[in-house]
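For reference, the structure is listed below as structure tokens.
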Amino acid sequence: MELLKSSNRPHQNSRNFRAVAIFSVLFSSCHQEPEALIKIPDPLEIKVVGREFYWHFLYPGPDQLLGTDDDFSVSKDLYVPVGYTMKLLITSDDYIYFFRVPDFDLREVAIPDLTHEIQFFPDHAGVSKLEVDPMCSAWTLHKDGSMGNIHILSENEFKNWQAKQLPAR
Amino acid sequence: MLRTPGKPDSKGVFHVWPGMSIQEALDAAAAHPEHKTVKVHEGTYRPQQHGQAMIWLNSQHEGITLLAEGEVILTAENPEIADSSLASYPSVVNHVVYFGDGISRSTVIRGFKITGANHYVTRSENPVIQPPVDLPRLRVKSFIYYADGGGIKTWGRCYPTIDRCEIYGNYVSPCAGAISIENCGYTDNALLIVNCIFRNNSSQITGSAIDLFGPGNRAEIRNCLFVGNVANRGINFFTFPKPGINENHGSGALTVFNGSHVTVDRCTFTGNYNGIDDAGTGSTYTDSIFWNNNASGGIARGKRYEMDVRNAQKVSNCYLGGDTIHDLRGTLGKNNVVDAPDPEFDSEYRPTNRLYANVGYRPVGSAGNHKTHDARLTDQHGNPFSSSQLFGKPWVINFIFTACPSICPAVTQNLVQVHRSTNSEQVEFVTITVDPENDTSSALLTYAKKMGADHENWKFLTGERDEIWQLCKKNFRLPVAEGAESKHGIIAHSSKVLLFQSDGSLNNAYEGTSQEDMSKLKNDLQGLLPQPDKNGDGYSAHITVPNNFDQTKGWIESRQANQIASKDEIDAPINFKFNDQQQQSGLDFRHHIVDCAGKYYKAAHYDHGSGIAVADIDGDDLLDVYMVSQFGPSGLYRNLGKGKFADITKTAGVAAQESISVTASFADIDNDGDPDLYLTNTLSPNKLFLNKGDGTFEDASKNSGIDYNEHSSAAVFFDYNNDGLLDLFLCVVGEFTTDELAEVEGTVESHPIAGPVPKYRVAFKDAFAGHLKPERLRSSRLFQNTGQGKFKDVTEALGLIDKGWSGAAVPVDFNRDGFQDLYVLNMQGPDSFWENQAGKKFINKSRELFPLTPWGAMGAKSFDHNNDGHMDLYITDMHSDMSRIVEPTEEKKKALWAAEKWGDRYLNDGGKRILGNAFYKNNGSGAFKEMSDALNMENFWPWGLSVGDLNADGWQDAFVASSMNYPLRYGINTALINNNGKGFKDAEFILGLEPRKDGILTTPWFQLNASGDDRDHHHARGQAGKLLVVGSKGSRSSAIFDLDNDGDLDIITNEFGDVPQVLLSDLSTGSQPINYIKIKLKGAKSNRDALGARVTVTSGSLTQTQVHDGQSGYLSQSSIPLYFGLGKMEKIDTIEVNWPSGAQTKLSRDLKINGTFEIIESASSK
């Protein structure tokens, strides 16, 4: 039996979600911008890649374009800024996974060689779970019951975090 | 391992290696009570003796699966034993493979290369390949039985599955190079040929690849490729000297004889000597490609063809193209595409032209590629499972193991519920164990029963662990691994459930433990099932938008009743009617739209439609018509007289189907006496076609200087500097499109567009806020004609910088200084008036002369409404009607709500505006009075207008093309009859212009695949199958002229997304004779068309003035003789022409009426 081809599904309609505040995490407001902060593009496109049972996230770099040499990546936890439209491009390198964030009612299937786009608009800082993709009898996988978290940061905090991910100049 | 073919291995498979006998293995499998799989390993296998076939399967071999492992070539050739003196050398068998009577689809041959047949024929029955069959039609074997079928011969009740074979290079005389199908009338079933390639086979007579000879044969052919097969290589000795079947053009790669039929689906025929000749009855051909079956090598005299089908049951969604006759008998019907463009096949014959995305053959893992063989799977009853069983149905698959202590039981239970909700004939459920060592067939059967699964129809499969794990991970991309913590026998694997469509592509994935997902699976599965064709037109449903269409069209009836009841208020003659004769006229043009106006609707300027231009292009005194299409080819129609037209687009060379087109203008640009054609486009260069004088045109765009590339709209040809050459004012709207290029998807199948089509730029979602964004403003352009079809951009030089959102403009000379001024419309703001300073400069006198103008001005025409000799100006305002949904009863109100709804910020005009149509009555002394309400000239959703004396009473009437389309309700066109200069009366219902012909107000707009790619479309919610979305009809542009030369004026409209209305007037056949005169002007010192000439006709007390400006309608310029109705006057006293050059002609003698005057400019004035 062969997997002949995967049909491309059309882009999901953009869904504007109002994030449900789960854990309100207070951050001190920062009046001074640290050095080497880069502008956040709006919408912010992040490539979400399932690989070996975790998610890996690719962000645009200082050129604000995804798919160029200055992109940076992080694994397991997703960081996003409040107040920006998020465009997640969901795919996989090996298996079929579900990308699910129940708190935002986000659900999309990650299939190798296909990319599906979902959008959401976080308007509250906080932390939410990236739901575990169930596997039968896979007890040692994701022992803490999650595949990672999604951290919604204030704009400045996100910029700081972003700056830390970039290679030192 | 035992390597004799007569004994199976431990798994029950018979193996054959090169040097061994395949037949021995087949016979051994036939004799074995249980094991029926024969695997032939890589190598070339030749017949070891002369005979009818190298290998044969008859009723005793039923149920055998014959598989190739690696590249396995079965050839008819054996040079060592062949007789080199024979023409058939080196082949030694009639057929490479023979299937005889008593074979069903459970007998499978898969993955072989079959070649070498070379018309060797023996009738020797040694060995016996076909035991005698005591049935009436099988007692005797004919010559055809022995000779037809080089690669494979099938005979009698014989319906094997032939899968993934490549059958090539076979030659046979008489017929069937690759496969001969001879059921002899036993057609309860059909053999299945799937995923095969037929390459370079040939035959003496018919069926170079496949032949169904004689009555009573069937075949099902799916996903196959036919390339390079050649029929008719020699004379037809059956019917010699007559040519026989298909006398002139010959036979094809597939020949179906009378009394037989085939099902052909998703196949590609290319480069053969003819495609298909089907003399049978009841075949179906679907989703297939026939491209350039123009090979040579046969002896038929006629031209090659793609399909010759006499009596098919259905031919649908087939694409035919190439240098051949496409539909030889003209029988294929409208659900196919002829003149299809090049599919641009890659090296494996996948079409790369996206038009072909869903049709034709696709390779599935070629024969002889040992890396892609099927996993060997067995079901819970011990039967071998073949993936070909899934072909043609949606299927659901998941992986479990029966000893699972975790979630597999729950998943299986969930699927049991889903399975129960489906019709098991229409879907396949497949569950595969990841623990095959323990999960034998009987263990799976026990499990299935325990779970309450329908184990008759739902396949629980086992096999070899390596193959299954490979299948799971690499093919289905689902993880599987040894369980954690070394728990013996525990296997970690995915609990996902996958849904596949009938074509083998993945539809969706679901979490097997989730009730919500299982519910979704149930719905999605329903959506993939064949939907009832309720309307008999292939659509599962029609969706009419707006959906209350039928309930709300009562307003049309009441308006009709009211208008007819008010007939007595009209003094002007109205006792005549218009009749839509489009169907009889031959004007079979269809306007097509881009998806921004349809499937992916957004409020943007694409919905403004396209123009229509009229001129006598070939000098035969009949007015021809050019219809502009937004998408796909525009159409030039030659007037044949008596109301008939012929499509001459191709020979004229003016289809321009590579552009998204807007307007058309006919004008004699090079003063050579024939009308040239200028076509404006959205974001591709405008086109200038110079008339060669014979009705064909030369594309002179490139060096013309007017191949301007922008969001172009109306092109106004006029002579601004009075040098005798027509200059061009090109209206440029503004940037309403993004950079995104898209292909049009929504075209309705029954209205296909032949030939190459462009991508188009997707519009901004906020296109109608463009006037608020300075970066989207564009300047209209003025081009000076420098002679010989060349132009120079003089916009800046003449100071005519107009950045309004201009769709249209009119040339006028209100100050009578002999220089044409321009009234330039702005559809999203105040209009502009540019006064021509002696041809040297234009100055903006907008607010001086027209302090208030319609905010959403769309179309305009200058004419003398009350015969006072002064040219008035009528502006139609479309956009002001768009601020909200307006009920029919409110239509006549000036758009009073627009200011309230939109506010000053959106209107952006300093608070000064007219919201609604404007009629500027010219009082003769340079001042205008706006009188649209007083004269009853307000209407709803107007685009533009055509002016003409429809009742020939000497007063100019107006036809205002008005409408919107999907997704809004229907809107009527307005006919304003001039009531003797005292105002206008609505008469569209009285004159039969409304309601439309047969009362049909809707038209197919676009279609959706609600179960497939379009299931997220908002119209597809809750729907399944192929949907037809239906929207309102609506006219955009029009032209008034005497179409049939009977003396009265007719109307043609260009409808948005539809065929035109060809509205013929019966005025001239009424009881009252009509009086009229037509005047054709020919400039000498003035431009040849005499555009700008002012003509006054006096007859008794009736004096009429018209200016010849070519402004025939919205987005249109034409070259039509001036028509003057004379009412009751039976003679003309004087005709006076004031030429643009300043010369004057006055005629007062021998002025016969009811004909055409040609007046030529001369230096003298009398």
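Throughout, a chain's letter reflects where its sequence line sits, starting with A, and its residues are numbered from 1. Quick caveat: nothing in here was measured; it's all calculated off a predicted structure.
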Crowding at OH, B:Tyr349 (>12 non-hydrogen neighbours, <6.0 Å):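 No, because the 6.0 Å sphere around OH of B:Tyr349 holds 12 heavy atoms or fewer from other groups.
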Beyond-backbone contact of A:Arg107 with B:Asp517, side-chain heavy atoms, under 4.5 angstrom: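 Yes, their side chains come closer than 4.5 Å.
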Pairwise distance CG(B:Leu506) to CG(A:Asp113) - rounded to 0.5 angstrom: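 So the CG of B:Leu506 and the CG of A:Asp113 are separated by 11.5 Å.
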Members of residues 93-100 of chain A whose heavy atoms come closer than 4.5 Å to chain B: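 Residues in range: A:Asp93, A:Asp94, A:Tyr95, A:Ile96, A:Tyr97, A:Phe98.
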Residue-level contacts of residues 40-48 of chain A with chain B, using a heavy-atom cutoff under 4.5 Å: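 Answer by number: none.
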Under 4.5 Å from any heavy atom of chain A - which part of B:Phe399: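 For B:Phe399, neither part sits under 4.5 Å from chain A.
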With A:Tyr84 via ring pair (Phe, Tyr, Trp, His ring centres under 6.0 Å) - residues at least two apart: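 Scan of A:Tyr84 (ring pair (Phe, Tyr, Trp, His ring centres under 6.0 Å), adjacent residues dropped) gives none.
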B:Phe429: ring pair (Phe, Tyr, Trp, His ring centres under 6.0 Å) partners, not counting sequence neighbours: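 Only B:His419, B:Trp458 meet the ring pair (Phe, Tyr, Trp, His ring centres under 6.0 Å) criterion with B:Phe429.
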From CA spacing to verdict: side chain to side chain contact (heavy atoms under 4.5 Å, CB included), B:Lys496, A:Asp133: CA-CA 9 Å; B:Lys496 289 191 177 50; A:Asp133 208 13; 2.7 Å; yes
